[in-house]
K.L.:
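Mind having a look at this structure? Questions to follow.
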Amino acid sequence: LISFTDSRGTSWKLRSIPIGGSCAIDDKLKDSPADRQADARSALQLLRQRAVILAAGPTFNFAFAISIAFLSQIMCSNCEIFYSEVGSLGATAAQLIGQFSLALALFNLLPLVPLDGGALCLTAFEAVVGRPVSAIGEKRFFLFSVVSLMGLTLAYLILTFSRLSG
Amino acid sequence: MDQELLFFVLLTAGLLVVIFVHELGHLLAARHYGVKVLSCRSVSDPS
């Protein structure tokens, strides 16, 4: 729908199908494994940077959820944060948006590969062991993540339907 | 009916803002460290 490139070379896009969002980061570590081995200290620094960048998304969501909670508290002074009676249309929408922000942050911190938590796990492994996860290891982790996500979805659906029918 | 429509418009806009805020966090942290960000999509295309 909308697309432009800013002065720093980042291409911003607003797409019509609202599935996820992403930031493609030019990771120096992945591009130059030789450099990583040449300078272990700078490699550790880059890993720390990568961890902070990965954690920043959920952190912003936590901060946003807290801000929204205060906002909805102001909009509906009789309601408690997040677990309230319906006060007004705006307050209810604000509470739901805050809950979604909190849920997105927690979901993204799950230690599963397409999510920030999974990437954080891989980064932690690399920092501790001193080398990145092998291609086979990454593939197995991805498979484990897909099965776990499907299991979680199935468990959620079963719980929801049993609650609705019961 | 108008109230319902307004509620869903507010909710949809809010959900998009939440996703945008998440990606903005990654972007600002990356820029803080001088890491190049190639693309940033507030609402991405599955293709």
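Residue numbering restarts at 1 for every chain, and letters A, B, ... go by the order of the sequence lines. None of the values given here were measured: they were computed from a predicted structure.
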K.L.:
Within a 6.0 Å radius of atom CZ on F107(A), are there more than 12 heavy atoms belonging to other residues, nucleotides or ligands?
P.N.:
no
K.L.:
Quick check on the hydrophobic clustering: are L110(A) and F125(A) connected, directly or via other members, by side-chain heavy-atom contacts under 4.5 Å?
P.N.:
yes
K.L.:
More than 12 heavy atoms of other residues, nucleotides or ligands under 6.0 Å from CG of L157(A): is that the case?
P.N.:
yes
K.L.:
Quick one: are F64(A) and V17(B) in side-chain contact, heavy atoms under 4.5 Å?
P.N.:
yes
K.L.:
Within this structure, what is the CG-NE2 distance for the pair N108(A) and H22(B), rounded to the nearest 0.5 Å?
P.N.:
4.0 Å
K.L.:
Drop me the distance from L28(B)'s CG to I53(A)'s CD1, to the nearest 0.5 angstrom.
P.N.:
11.0 Å
K.L.:
If two hydrophobic side chains count as joined below 4.5 Å and joins carry through other members, does L6(B) share a cluster with I68(A)?
P.N.:
yes
K.L.:
So which part of S101(A) gets closer than 4.5 Å to some heavy atom of chain B, the side chain, the backbone, both or neither?
P.N.:
both
K.L.:
List in chain and number order the residues that pass side chain to side chain contact (heavy atoms under 4.5 Å, CB included) with I158(A), two or more places apart in sequence or in another chain; answer none if no residue qualifies.
P.N.:
L154(A)
K.L.:
Between G14(B) and I97(A), what is the shortest heavy-atom contact and its length?
P.N.:
CA-CD1, 3.4 Å
K.L.:
Search all heavy atoms of A56(A) against all heavy atoms of G25(B) and return the closest pair with its distance.
P.N.:
CB-O, 3.2 Å
K.L.:
CZ of R140(A): more than 12 outside heavy atoms within 6.0 angstrom?
P.N.:
no
K.L.:
Which heavy atom of L104(A) sits nearest to which heavy atom of V18(B), and what is that distance?
P.N.:
CD2-CG1, 3.8 Å
K.L.:
Which heavy atom of L11(B) sits nearest a heavy atom of L96(A), and at what distance?
P.N.:
CD1-CB, 3.7 Å
